[in-house]
Every structure is written in structure tokens, then in C-alpha cells.
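Report on the following structure.
Just so it is clear, the model here is predicted, and its values are computed rather than measured. Computed from heavy atoms alone, side chains included, the values below leave out hydrogens, waters and symmetry copies. Lettering of chains follows the sequences in order, A, B, ..., and the numbering in each one begins at 1.
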Amino acid sequence: MEQLIADLKRQIIEALNLKHLKPEDIGDDQPLFVDGLGLDSIDALELIVLLQQHYNIKLANPQDGPQIFKSVKSIAEYITANQPK
Amino acid sequence: MIYINRFAHIRNRAVFRMGELVCRDIRGSLDDFLISAFEGLGINYPKYYKMDASSKLGFLGTEMLLNNLRLEDDYKPEEVALILSNAHGSLDTDLRFFESTKTMASPALFVYTLPNIVAGEICIRNNIKGENAFFVSPRFDVKQMHDYVEMVMTSDKTKACIAGWVDVMGSQHDVFLYLTEKKKRENALEHTAVQLQKLYQLKEYGTVDS
């Protein structure tokens, strides 16, 4: 899980062009949207693309998005539970 | 009377304010220059990193142009207009987006596939809600820009206008922005087509193309 979280932080910075941040600037449980990292709806779409591209996971129900993309840790947990074998 | 109170250029990976060199970085790519110039200004605006090259150039050019002049101290948001033009529309980003569709289309690139997104980014940054227009023409059309800005500025509603040229295609880029107001500030110039042509052609350290 630790390695997955570290990979995700690097991938999020790359995919979302957060060049002002380093992986260590993002807390595992830090909220990604609004008051946390300040991501927006376009970033949410990029996160969906990231899951598909890097982990071959398609979001089955878009309404689950807010829960899945709450933090890096919640994304990692979703990947662990849903990554194709 | 309408005055050109300020102007700025970004050319050949160098930024000029009122004809004076502010910064230059010819190492690396245009993207590298756009990041180093922004970071050199010390502005905290994370959204900048997500912008396409056109919006970054428009943002940087406007920051140079205004240089701590807060238009909202003098005008209501609806009293400030923004009139821009360029030659390549959003083609630079359109092509990057097209490339991304070959693997996985990028939503973050897609939102910049319109020429006037740069105008939106400038408006958000500077709280501008007045008249706006974006023209695409093969080269900076001095007469059209002058006449359109004059028309906009003659209305009672508009008190100030940021206008000019923000063009990028690959590594080629050319930015010329100027601020017109009905009030005269220090070093003001009369807003005429001849004056605009001179300013657009201004090269480094105040030299002008013959």
C-alpha cells in the first residue's frame, strides 16, 4: 500500500500538472478537493483517466467518485480492491 | 481622449515591461521558460501550472502589464474590457489534445481547445467582467485593434481596456499587450494606430523597427 500511495502521488502531480508540489507535500489522508489540495471537476476527470491508464480500472459508478477520490489513501484502497488480476 | 498607459511584450523567451527587459531565459523549451518566468515573479497562483501555453503567455503578459496596478481599485469589474487577437487560435493546444486522443484523451487539455480561454484566465485573475472579444487574423491588425478598442472605449460603460496580441504555435510565441484608459497616467501615449504600430514593433531597450 505504501508503494502504491507513493506512485499515486507522483502520477497525480504529473497528470494534473501540479508542478509546484512534491510528492511529500501531499498527505495520505489530505482531502484532494476544495479546501485540501484544491482540485476541481476537470481534475476529477483526469483522475478517472489516470485510473484507466495506469491501473486498467474503469469507474463503474461515477456517483462513487467523491468517496473514491477523497484522498490519495482512498484512491489506493479502491485500486487495491478493484485492480484486475 | 483615450490613452495607452502601459504596454508589455513577450518575445524570444524574454519579457519586457514598457520596453525594458524584465527577464530572459533561453535555456530549455518554451514550457521551461514559461515556468521559470512565472516563478521568478514570485506569484502564488497554482492554476498557472495547469494552463496551456497561450493562457500562460496571456497571464504573464498581463502580470507584466499591470505590475501591481489593481484595476479593481479604480474600476468596477464591468468597466474593464479585454480585446485580444492572434494568428493561430488555439491550434497549438488543439494539436496537443489530438495527440492525447491517440492514447487517452486529456480533459485538462480539452478545456483549453478554444482561442478565447486565455481571455477567461486573464479575466478570472484580474476580476474583469466587461466587454470582451477575440479576433483571429494572419498578423497583428493594428487598424482593426485600434478601431475596435476606440469603439469599446467610447461607450460610457467601459473605462479601461486591456488589448493586444497573444500568439503561440510550437516554440514560436509573440505577445504584445497594452492598457488603455480614459485617464492619463505617467508616460501616457495617445491611442492612435500609428502609435500602436510603433509599440508593437518595439524591440529590446526601446529600439524601434524602421
Spatial distance of atom CD1 (A/Ile42) from atom CG (B/Leu109) [nearest 0.5 Å]: 11.0 Å

In terms of heavy-atom contacts, does CD of A/Glu14 have more than 12 from other residues, nucleotides or ligands at under 6.0 Å? no

Residues, nucleotides or ligands: over 12 heavy atoms within 6.0 Å of B/Gln172 CD: no

Exceeds 12 heavy-atom contacts within 6.0 angstrom, atom CG of B/Asp73: yes

Give a yes or no on this: more than 12 heavy atoms of other residues, nucleotides or ligands lie within 6.0 Å of atom CD of A/Glu24. yes

If the threshold is 4.0 Å, N to carboxylate O, is there a salt bridge linking A/Asp43 and B/Lys50? yes

Could you tell me whether the side chain of A/Val49 reaches within less than 4.5 Å of the side chain of B/Ser106, counting heavy atoms only? no

Under 4.5 Å from any heavy atom of chain B, what part of A/Leu18 do you find: side chain, backbone, both or neither? side chain

Around atom NZ of B/Lys183, are there more than 12 heavy atoms of other residues, nucleotides or ligands at under 6.0 Å? yes

What's the spacing between B/Lys47 NZ and A/His20 NE2 if we round to 0.5 Å? 12.5 Å

Starting at CZ of B/Phe38, measure out to NZ of A/Lys19 and round the result to the nearest 0.5 Å. 12.5 Å

